[in-house]
Amino acid sequence: MRSKVRALRQAGGLSQEALGKALGVSRQTINAIETGRYDPSLRLAVHLARHFGRTVEEMFDVDAE
Amino acid sequence: MSTPSRSRLPVSTTNAVLLNVCLAGGVVTAIVGRWLEAGLLAAVGLAVLAMAIYARRPNSRDITRVNAIEYRDERDKRIAQVGFSVVGVVALVVSVIEFVAVTVLVDNRDWPPAVQLLPVGQLLLLCVVWGVANSIAARRG
């Protein structure tokens, strides 16, 4: 699933490690979400959206493969 | 925020169980005088402990954590679920092969009946655990 996580993270000057730490997940999980290899759980998706002050729909494009 | 899946123990609950089973097995085999097997089990237990502690480093790789059964987040758990589901299928198949091999190849006089029944016991136990695990997973949704 395509997401805006990488763009928002980089815009905020955050490393994958720092974002992972803020959300309680590993750097590899952030990387996997950014590269579309891993679809986060609803819980993590909501936490990601909240972290960037966006909605889940703004963060993730569920229609794009 | 998501909470990391870490227990208060220095290792995960699963590793604590594995470690204790290995050490208990080592004690039992030592009591009956099988020192090589006792040493082997103690070494396996220590290896489990060492791998778990190594995998808990803050910058450890995902594959290291999953192999050491030290999951940090939901993705680690999902990877482990896939790995263990394959292990489960292989364990069931190997247990059937083991049962057939013992039935066909082992002469009844060679091994006591209790030992001959171990493969079928293992197969039954795996099936029961599988059923219970499926039931719990279905109930949790």
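In the text below, chain A, chain B and the rest are named by the order of the sequence lines, each starting its count at 1.
Put simply, CG on A/N31 and CG on B/D62 are 9.0 Å apart, with the number rounded to the nearest 0.5 Å. From B/D73, atom CG reaches atom CD of A/Q28 across 8.0 Å, with rounding to the nearest 0.5 Å. Atoms CZ and OG, from A/R27 and B/S60 in turn, are 10.0 Å apart once rounded to the nearest 0.5 Å. Atom-to-atom distance recorded for B/R78:CZ and A/T29:OG1 is 10.0 Å, nearest 0.5 angstrom. Distance check, rounded to the nearest 0.5 Å: CD of B/E74 to OG of A/S41 gives 3.0 Å.
Considering all non-hydrogen atoms of both residues, A/E17 and B/P58 come closest at OE2-O, 4.5 Å.
At least one side-chain heavy atom of B/R65 sits less than 4.5 Å from a side-chain heavy atom of A/S26.
Neither B/L40 nor B/L18 shares a network with the other; the hydrophobic side chains, linked directly or stepwise wherever heavy atoms of I, L, V, M, F, W or Y lie under 4.5 Å apart, form separate groups for each. Hydrophobic clustering (side-chain heavy atoms under 4.5 Å, transitive across Ile, Leu, Val, Met, Phe, Trp, Tyr) keeps B/V66 apart from B/V82. Both A/M59 and A/V46 are members of a single hydrophobic cluster when ILVMFWY side chains are connected at heavy-atom separations under 4.5 Å. If you chain together hydrophobic residues whose side chains sit under 4.5 Å apart, B/L92 and B/V96 fall into the same group. Taking hydrophobic clusters as Ile, Leu, Val, Met, Phe, Trp and Tyr residues chained together by side-chain heavy-atom distances below 4.5 Å, B/F84 does not share a cluster with B/I136.
Using a 4.5 Å cut-off between heavy atoms, B/R61 touches chain A through backbone and side chain atoms alike.
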